**Q** 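Before we start, here is the structure in question, set down as structure tokens.
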Amino acid sequence: MTGNELRKSFVDFFKSKEHKHFESASLIPDDKSLLLTVAGMVPFKPFFLGEKEAPFKRITTYQKCIRTNDLENVGKTPRHHTFFEMLGNFSFGDYFKKEAIEWSWEYITKVLKLDKERLWVSVFETDDEAYKIWNEEIGVPAERMVRLGEDDNWWAAGPVGSCGPCSEIYYDTQNMGKNNEEINCKPGDEGDRFLEIWNLVFTEWNRLEDGTLVPLPEKNIDTGAGIERIASVIQNKKSNFETDLFMPIIKGIEKVLDIKKEEHDEAVKVIADHIRASVFLIGDGVLPSNEGRGYILRKIIRRAFGVGSVAKEKVFEKEDIFLHKLVSYVVETMKDGYPDLVEKSEYIEKVIKIEEERFSTTLKNGTEMLSEEIAKLKKQNKKKLSSEISFKLYDTFGFPFELTKLILNNEGIEVSEEDFEKRLEEQITRSQRSRVTISDMIKDDFIDEFFEKHGKTEFTGYENFADKGKILYAAKSEGMSGYEMIFDKTPFYAESGGQVSDTGKITAGEFEGRVVDVVKKRDVFIHQVEVIKGIIPAENTTVELEIDVERRKDIQRNHTATHILHKVLREKLGTHVEQSGSLVESDRLRFDFSHYEPISKEMIEEIEYEVNNVILSNIKTKIDYENIQEAKNRGAMALFSDKYGDIVRVVEIPGFSIELCGGAHVKSTGEIGFFNIESETGISSGVRRIIATTGHKSLEYVNGIEEKLAEISATMKSDENNIVEVLKKYKNEFKDLEKAYMQLQSRLLKYEINEIFEGVEEISGVKVLAKTFENKNIDELKEIVDRGKEKLQSGIIILGSNNEKAIFVAGVTKDLISKIKAGDIVKVAAQTADGNGGGRPDFAQAGGKNGSAVKEAVEKSKEYIVSQLS
């Protein structure tokens with residue numbers, strides 16, 4: 001059975017047990033406490049915690065996951081991965097231990113046809129119920145069952161909250177792998193003999209602050225089975241990397257790098273694992289950066305690239321980059337389970353290629369640093385590089401330790417692998433301590449009780465801007481002014497999906513209140529109300545609810561415009577464009593999206609034109625409810641975070657776009673008026689942001705530009721129609737003046753130069769000029785350095801100028817750069833003036849915040865020069 005057949009057989013089996021199949025969720029979770037989707041249960045966490053009602057009692061899925069806590073073990077063991085897939089079946093208050101156990105055994109033994117004699121089971125040490133089911137009903141003999149403690153067979157989402165015992169199924173790999181001489185070992189013992197292939201979590205307890213376990217009102221089932229592990233068993237392979245999930249990729253690596261797996265086993269495994277993870281992360285909208293999930297992606301790309309360098313025994317230049325050439329092998333291998341990779345393939349290749357090119361430069365810098373350290377060691381007649389340097393190369397430059405060792409061996413220099421590993425272990429320990437875990441959240445008891453009593457709030461605001469509602473709850477807000485109020489129905493939209501909440505008023509007799517915010521918890525709308533006059537009416541009183549109509553209409557314009565913008569961006573820039581964030585307000589819209597480079601002015605104009613073209617077409621929007629799979633089959637995009645549910649709200653602009661969305665929209669695109677992009681900027685690596693306006697705000701924007709144009713015209717004493725020509729004329733005149741000024745400065749500098757070089761000193765036989773100025777620009781300092789090198793023939797120059805901020809320039813003639821480098825000299829100066837900088841060994845420049853420290857900074861640089869020359 002292939003990996004693709006395995007996925008399908010699992011889903012089909014649980015569909016036959018009345019489970020609803022959900023497609024894999026993104027690796028970017030909705031859960032803000034997690035960087036990445038680290039387990040199959042993550043997309044369903046709100047259901048397990050009771051924050052949302054599960055749309056189905058039974059669900060099955062195969063889920064893509066990323067974990068990097070054991071990154072250093074990838075390639076060294078047969079089972080460790082960064083990217084992996086979890087098969088799962090879930091029950092939310094429906095079936096429990098008996099069915100979960102029976103079905104897992106049925107699938108493993110009857111569908112996968114694994115030998116029952118090689119299957120072992122573990123249960124929690126006090127879980128007699130699970131033990132009895134396995135032993136008496138399933139027929140697993142006592143001699144193939146073990147009881148394990150909390151470390152192995154207890155699941156908890158955090159120190160408090162939902163938790164429960166686990167039961168695991170193991171496969172006896174005897175004669176498949178190493179360490180199988182341990183004939184008497186059992187699951188839970190050290191060794192590789194027993195492979196865990198299935199984990200059943202019985203979530204049945206709520207752990208309180210004092211440690212007390214209280215039964216949950218609804219018991220849940222959460223199971224997980226790693227596809228890679230099961231594939232290795234059914235395909236009779238000693239390692240996950242030998243299965244058909246990896247071998248096509250490994251063959252690609254051998255071809256592209258022209259190496260053999262047998263000769264570079266660990267390197268090939270690391271590259272195969274990391275390229276899979278990189279493809280899926282980029283496919284889900286992650287881009288390399290220096291923080292968060294982008295940092296994780298950058299780290300695994302660079303680690304794979306570095307490992308490839310080691311395998312080829314060379315530091316790759318830009319022309320040697322190879323990872324992007326492996327994308328097609330991953331896509332071809334995984335496209336049956338994840339067909340969306342096909343259309344994203346070209347984009348993924350481009351992102352990886354750009355990152356490789358950047359890293360090849362970084363590796364080059366690391367090589368230069370290592371060369372400098374080697375030169376120092378030889379000068380000091382030493383034969384060993386410190387672990388501090390080898391670890392800095394690894395941690396700062398991503399320079400593989402193996403590559404460091406290879407280069408040093410060629411130079412006859414040692415480096416301690418043991419000391420390096422110790423520093424690495426310390427870093428891993430620090431990382432593990434700071435790592436965010438999947439923490440549980442205590443349920444909002446009030447909302448739970450309220451929901452059980454009253455059910456969800458009826459939202460009538462799609463069609464009605466005013467309505468009558470009965471007060472079901474009213475109380476003073478904790479820590480805030482005003483009151484929290486809940487009604488049986490409301491026209492007020494609660495903030496969600498990027499759209500802000502409605503505001504408006506509530507009236508009842510003498511009472512008047514102002515609604516300033518609305519939030520939604522478990523489909524209960526909670527209104528934040530400020531009292532204008534009168535007193536809050538009693539519960540069960542019927543009140544008049546009226547939203548700010550014009551504000552809502554502006555919000556609707558911006559929301560529908562966001563949908564149009566999203567579609568136009570995908571048409572103009574590519575299908576890799578995916579939403580990274582959205583804010584729909586009354587005065588503007590903000591749309592964040594994945595894209596790897598700034599958008600040109602010409603393209604911005606094209607995007608504006610296309611959006612306005614759809615608006616001017618005055619297409620009637622169509623909003624309906626339909627089956628989610630049917631909507632997806634019609635090409636519906638999920639713009640916002642509410643992904644689950646069999647029946648979904650579909651917002652369609654016929655012939656143009658279709659999206660799943662719970663927000664408020666215009667009845668036809670013509671209502672939007674005029675769409676105007678105010679700005680397009682980068683907010684992080686690979687993420688761009690567009691801020692735009694519609695309707696009244698766009699008109700205000702245009703009126704504002706006209707006012708500024710009129711003011712400029714008046715100042716320039718020109719007509720608005722020919723203001724551009726007048727400005728061009730003044731600009732040309734300014735350029736002529738600037739040119740004349742620079743020529744004059746250059747002439748003055750010729751007269752100055754002889755006087756400047758009267759200050760040359762001789763230090764240890766080397767000519768050195770260290771001088772400071774007031775208000776000289778960087779070009780003037782550069783010219784002094786260039787002229788100085790010609791004049792001195794052999795020497796060192798460090799110059800500084802106080803221009804409110806500090807600027808520094810250093811030069812070293814070619815014959816002296818083996819002794820001292822311009823970049824090091826200028827760095828000393830910059831750090832003294834609260835700045836930084838660098839450059840080539842023969843020339844460097846830098847800046848600093850503190851201009852008053854220029855003299856001290858140049859003096860410090862001079863002291864550094866003396867220390868290096870002595």
Side-chain angles (χ1 to χ4, degrees), residues 1-19 21 40-41 58-63 78-79 84-91 95-124 127 130-146 148 152-153 155 165-177 186-188 192-202 221-238 240 243-245 337:
M1 186 181 284
T2 67
N4 288 326
E5 290 168 343
L6 176 58
R7 282 191 212 98
K8 186 176 186 304
S9 72
F10 181 87
V11 170
D12 287 347
F13 176 82
F14 280 98
K15 283 169 74 174
S16 74
K17 305 297 182 185
E18 300 179 340
H19 286 62
H21 174 221
M41 61 79 68
R58 301 179 182 186
I59 290 174
T60 186
T61 185
Y62 55 87
Q63 174 63 47
R79 313 292 177 200
F84 59 96
E85 298 176 80
M86 290 298 288
L87 302 167
N89 58 286
F90 307 90
S91 167
Y95 63 84
F96 200 49
K97 290 183 185 179
K98 185 176 185 298
E99 294 86 348
I101 290 171
E102 286 177 350
W103 292 338
S104 63
W105 189 256
E106 181 184 350
Y107 177 73
I108 289 173
T109 60
K110 293 185 178 179
V111 179
L112 299 184
K113 302 186 186 312
L114 294 187
D115 184 357
K116 295 179 183 179
E117 302 301 315
R118 301 187 80 159
L119 298 175
W120 288 59
V121 171
S122 70
V123 296
F124 184 59
D127 192 356
Y131 188 96
K132 188 175 180 180
I133 294 170
W134 280 114
N135 182 239
E136 297 180 9
E137 299 187 36
I138 302 299
V140 178
E143 58 267 24
R144 290 209 311 274
M145 292 183 64
V146 292
L148 299 176
D152 296 288
N153 276 158
W155 180 86
C166 303
S167 182
E168 296 172 321
I169 304 171
Y170 293 83
Y171 185 79
D172 185 353
T173 67
Q174 192 169 9
N175 303 322
M176 284 181 67
K186 295 180 179 180
D192 296 336
R193 176 174 170 179
F194 292 98
L195 177 64
E196 179 202 328
I197 60 171
W198 202 294
N199 185 17
L200 299 94
V201 179
F202 310 125
I221 288 292
D222 163 20
T223 74
I227 287 182
E228 293 82 3
R229 290 188 176 199
I230 294 180
S232 73
V233 171
I234 60 178
Q235 294 175 21
N236 197 31
K237 303 296 184 183
K238 295 178 181 179
N240 295 357
T243 68
D244 73 315
L245 293 168

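When a residue number appears, it is its place in the shown sequence, counting from 1. Predicted model only: the values in this text are computed from it and were never measured.
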**Q** Between L200 and I221, is there a side-chain heavy-atom distance shorter than 4.5 Å?
**A** no

**Q** In Å and rounded to the nearest 0.5 Å, what is the NE2 to NZ distance from H21 to K8?
**A**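 Going from NE2 on H21 over to NZ on K8, the span is 11.0 Å.
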
**Q** When rounded to the nearest 0.5 angstrom, what is the spacing between CE in M86 and CG in D222?
**A**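 Going from CE on M86 over to CG on D222, the span is 8.5 Å.
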
**Q** Which is it for F13 and T60 under the side-chain contact (heavy atoms from CB on, under 4.5 Å) test, yes or no, and what are the steps along the way?
**A** CA-CA 10 Å; F13 176 82; T60 186; over 6 Å; no

**Q** Run the ring-centre check on H19 versus Y95 and record whether the distance is less than 6.0 Å.
**A**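 Yes.
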
**Q** Between R7 and V11, does a side-chain contact (heavy atoms from CB on, under 4.5 Å) hold up when you go through it step by step?
**A** CA-CA 6 Å; R7 282 191 212 98; V11 170; 5.8 Å; no

**Q** Do I169 and W134 have side chains that approach each other closer than 4.5 Å (heavy atoms only, starting at C-beta)?
**A** yes

**Q** Evaluate E137 against I101 for side-chain contact (heavy atoms from CB on, under 4.5 Å), listing each step before the verdict.
**A** CA-CA 10 Å; E137 299 187 36; I101 290 171; over 6 Å; no

**Q** Would you confirm whether T173, through its side chain, and R193, through its main-chain N or O, come within 3.5 Å as a donor-acceptor pair?
**A**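 The answer is yes, because a donor-acceptor pair under 3.5 Å joins these two groups.
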
**Q** Flag the pair V123 / P165 as yes when at least one side-chain heavy-atom distance between them is below 4.5 Å, and no otherwise.
**A** no

**Q** Given side chains that start at C-beta, do those of N240 and R229 come closer than 4.5 Å, heavy atoms only?
**A** yes

**Q** State, yes or no, whether a side-chain contact exists between N89 and F10 at a heavy-atom distance under 4.5 Å.
**A** yes

**Q** Specify whether F194 and Y170 have parallel, tilted or perpendicular ring planes, treating 30° as the upper limit for parallel and 60° as the lower limit for perpendicular.
**A**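 Perpendicular: the ring planes of F194 and Y170 meet at over 60°.
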
**Q** So, do F124 and E168 sit near enough that their side-chain heavy atoms are less than 4.5 Å apart?
**A** no

**Q** Side chain of Y171, backbone of L114: donor and acceptor closer than 3.5 Å?
**A**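 Absent.
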
**Q** Nearest 0.5 Å please: distance from the CD atom of E5 over to the CG atom of L112.
**A** 11.5 Å

**Q** How long is the span from the OG1 atom in T243 to the CD atom in Q235, to the nearest 0.5 Å?
**A** 5.5 Å

**Q** Would you give the length of the straight line joining atom OG of S122 to atom CG of N199, rounded to the nearest 0.5 angstrom?
**A** 7.5 Å

**Q** Below 4.5 Å, heavy atoms only, C-beta onward: do S167 and I133 meet side chain to side chain?
**A**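 Not touching, per the 4.5 Å side-chain cut-off.
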
**Q** Ion pair present between D172 and R144, side-chain N to carboxylate O less than 4.0 angstrom?
**A**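 The answer is no: the pair does not qualify as a salt bridge.
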
**Q** Quick one: closest heavy-atom pair of P187 and W120, and the distance?
**A**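 In this case the closest contact between P187 and W120 is CD-CE3, 3.5 Å.
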
**Q** Got a second to check how far S104's OG is from F14's CZ, nearest 0.5 Å?
**A** 7.0 Å

**Q** Do Q63 side-chain atoms and G88 backbone N/O form a donor-acceptor pair below 3.5 Å?
**A** no

**Q** Does R79 come within less than 4.0 Å of E228, counting only side-chain N to carboxylate O?
**A** no

**Q** Mind running side-chain contact (heavy atoms from CB on, under 4.5 Å) on I230 and L87 for me, showing each step along the way?
**A** CA-CA 10 Å; I230 294 180; L87 302 167; 4.2 Å; yes

**Q** So, S9 and Y107: side-chain donor and acceptor under 3.5 Å apart, yes or no?
**A** yes

**Q** Give me the atom names and distance for the closest heavy-atom approach of N135 to A142.
**A**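 Taking every non-hydrogen atom into account, ND2-N, 3.6 Å.
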
**Q** Decide yes or no for I108 and I197: does some side-chain heavy atom of the first lie under 4.5 Å from some side-chain heavy atom of the second?
**A**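 They are in side-chain contact.
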
**Q** In a check of salt bridge (charged side-chain N to carboxylate O under 4.0 Å, His left out) between E106 and each of K116, K17, K113, which one passes?
**A**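 It is K17; the other options fail the test.
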
